[in-house]
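In what follows, chains are A, B, ... by sequence order, proteins preceding strands, each numbered from 1.
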Protein chains: 2
Amino acid sequence: MELLDSLDHKILEILQLNNLTSQREIGNKIGLSAPAVQRRITRMRELGVIKKDIAVLNPEHLGQLITIVVQVEMEADKVEMVTKTKRKFEQTPQVQQCYYVTGEADFMLIVVVSNMKEYEKLTHELFFNNPGIQRFKSSICMDIVKSGLALPVPK
Amino acid sequence: MELLDSLDHKILEILQLNNLTSQREIGNKIGLSAPAVQRRITRMRELGVIKKDIAVLNPEHLGQLITIVVQVEMEADKVEMVTKTKRKFEQTPQVQQCYYVTGEADFMLIVVVSNMKEYEKLTHELFFNNPGIQRFKSSICMDIVKSGLALPVPK
DNA sequence: TAAAATATGAAATAAAATTGCATAAACAGT
DNA sequence: ACTGTTTATGCAATTTTATTTCATATTTTA
């Protein structure tokens, strides 16, 4: 059984805002006992509904980090090339996020580096060294207006 | 005192991967007692170095969610307009992320909606209703190759 | 060098998570 | 409708974890 009911949804809603909320407190809010909450959470972790639990850091406290949005165009979308490129992006720690998208660009990347030298080096590794990539466009981020991973949870 | 030392960095490194790691375990890895770890974590929360603690959900388990990367161009960047627009994007729950960037586009948004109807409505609210916005380009996400918020932590 | 501020570990305490168990609710097959 | 089965629940007990206290050590400041 894979389905989530409305209580599960309420739990997810709470945890994606603050996963340090105690089971007792969650239980109070949604009308369940702490153990019941705990079993549901465990189950959702096993199902993969909850992918991970993380602390979100403030980039402003970690030196002068540079965030860059990169649009990447591939030559002709050969499936193999795309797969390989995806894997490369995945494995690169500076690539915080990678979306494979429709439209002019094929990939949208969010990249975080410590300085421009590092970015230049990275472009060689990721783009110039990849014959499948036609061009890429870098937009420097001046302000991270909003940053999160929260998803809409069914009511 | 605001500075972080190398032990703090190690703690951050661990917590941004898994913030459910126990203090004892963190202590073992970095050579501190559990209480020492706990005090450092508390301090970093107070300083805002740790912004929040969240569960990351798997979009594939929450219905057919649609992720869209949107490039937004403003008319002439009037400061007021930009500020107001930022605030609007911030407050919109479907806008998961918003970057104010250099280059052709002024904003890059990551938007998550439940269906296209919702997106159409959202474009009216966010873009057509905003006279400061010249045009916007939507790229539908076919694959979220990588998704995270981990930052490079000084060694 | 003395005084003050800061960080630490060990031990004690408090809080939270987890497990065991009996019960109730939902379900499937007859 | 009846019965056996599965599944979810709450309570109480247990275990683990987080937090506080306190004495000591280390660093900083005057």
Side-chain angles (χ1 to χ4, degrees), chain A residues 1-58 60-63 148-155, chain B residues 1-63 148-151 153-155:
Chain A
M1 199 257 278
E2 139 83 46
L3 279 183
L4 306 179
D5 65 17
S6 125
L7 289 173
D8 292 319
H9 291 151
K10 285 181 190 167
I11 293 173
L12 293 176
E13 196 91 75
I14 293 170
L15 290 183
Q16 80 171 340
L17 280 178
N18 177 10
N19 77 335
L20 300 183
T21 315
S22 76
Q23 298 171 356
R24 180 184 45 74
E25 190 179 336
I26 297 174
N28 285 341
K29 286 193 187 175
I30 70 174
L32 275 182
S33 68
V37 170
Q38 123 100 338
R39 286 171 201 125
R40 282 164 178 268
I41 293 176
T42 302
R43 175 166 163 273
M44 291 193 286
R45 290 222 177 89
E46 286 166 356
L47 287 173
V49 178
I50 298 175
K51 247 201 298 194
K52 50 184 176 174
D53 293 86
I54 62 168
V56 178
L57 310 187
N58 189 337
E60 292 172 20
H61 289 79
L62 295 172
L149 295 176
L151 300 173
V153 175
K155 286 276 163 273
Chain B
M1 196 258 279
E2 139 83 47
L3 279 182
L4 306 179
D5 66 15
S6 126
L7 289 173
D8 290 320
H9 291 151
K10 285 181 189 166
I11 293 173
L12 293 176
E13 195 91 76
I14 293 171
L15 290 183
Q16 79 171 339
L17 280 178
N18 176 12
N19 77 336
L20 300 184
T21 315
S22 75
Q23 298 171 356
R24 179 184 44 73
E25 190 179 336
I26 297 173
N28 285 341
K29 287 193 185 174
I30 71 174
L32 275 182
S33 68
V37 171
Q38 122 99 339
R39 286 171 201 123
R40 282 163 178 269
I41 293 176
T42 302
R43 174 166 164 273
M44 292 193 284
R45 291 222 176 90
E46 286 166 355
L47 286 173
V49 177
I50 298 176
K51 247 201 301 193
K52 49 184 177 174
D53 293 86
I54 63 168
V56 178
L57 310 187
N58 189 337
E60 291 172 21
H61 289 79
L62 295 173
L149 295 176
L151 300 173
V153 176
K155 284 278 163 278

Roughly how many Å is it from [atom1] in [X] to [atom2] in [N], rounded to a whole number?
{"X": "A:Glu25", "N": "D:dA18", "atom1": "CD", "atom2": "P", "answer": "17 Å"}
{"X": "A:Gln23", "N": "D:dT16", "atom1": "CD", "atom2": "P", "answer": "16 Å"}
{"X": "B:Asn28", "N": "D:dT17", "atom1": "CG", "atom2": "P", "answer": "11 Å"}
{"X": "B:Ile41", "N": "C:dT8", "atom1": "CD1", "atom2": "P", "answer": "12 Å"}
{"X": "A:Arg24", "N": "C:dT18", "atom1": "CZ", "atom2": "C1'", "answer": "16 Å"}
{"X": "A:Ile26", "N": "C:dT18", "atom1": "CD1", "atom2": "P", "answer": "11 Å"}
{"X": "B:Ile30", "N": "C:dA7", "atom1": "CD1", "atom2": "P", "answer": "14 Å"}
{"X": "B:Leu3", "N": "D:dT28", "atom1": "CG", "atom2": "C1'", "answer": "15 Å"}

For side-chain contact (heavy atoms from CB on, under 4.5 Å), just list the numbers for B:Val153 and A:Leu57, CA-CA rounded to whole Å, side-chain angles, deciding distance to a tenth of an Å, and then say yes or no. CA-CA 10 Å; B:Val153 176; A:Leu57 310 187; 4.1 Å; yes

Examine distances only and state if a side-chain atom of A:Gln16 and a backbone atom of A:Leu151 form a donor-acceptor pair shorter than 3.5 Å. yes

Quick check: does any side chain N or O of B:His61 sit under 3.5 Å from a backbone N or O of A:Leu47, one acting as donor and the other as acceptor? yes

Report yes if some heavy atom in the side chain of [X] is under 4.5 Å from a heavy atom in the side chain of [Y]; otherwise report no.
{"X": "A:Leu17", "Y": "A:Glu13", "result": "no"}
{"X": "A:Asp8", "Y": "A:Val49", "result": "no"}
{"X": "A:Leu15", "Y": "A:Ile26", "result": "yes"}

Hey, could you give me the OG1/CD1 distance between B:Thr42 and B:Ile50, rounded to the nearest 0.5 Å? 8.5 Å

Gap separating the CG atom of A:Leu4 from the CZ atom of A:Arg40, nearest 0.5 angstrom: 9.5 Å

Of the candidate nucleotides D:dT17, C:dT18, D:dT20, which contains the atom at the shortest distance from the side chain of B:Ser22? D:dT17

Where protein sits on nucleotides 9-15 of chain D, one letter per nucleotide: B base, S sugar-phosphate only, - none, heavy atoms under 4.0 Å: BBBB---

Quick check on C:dT18: is either OP1 or OP2 less than 4.0 Å from any side-chain nitrogen or oxygen of A:Gln38? yes

Would B:Glu25 and B:Ile14 count as a side-chain contact (heavy atoms from CB on, under 4.5 Å) if you check the C-alpha gap in whole Å, the side-chain angles of each, and the deciding distance to 0.1 Å? CA-CA 10 Å; B:Glu25 190 179 336; B:Ile14 293 171; over 6 Å; no

With 3.5 Å as the limit, what N/O pairs link the protein to nucleotides 23-25 of chain D?
none

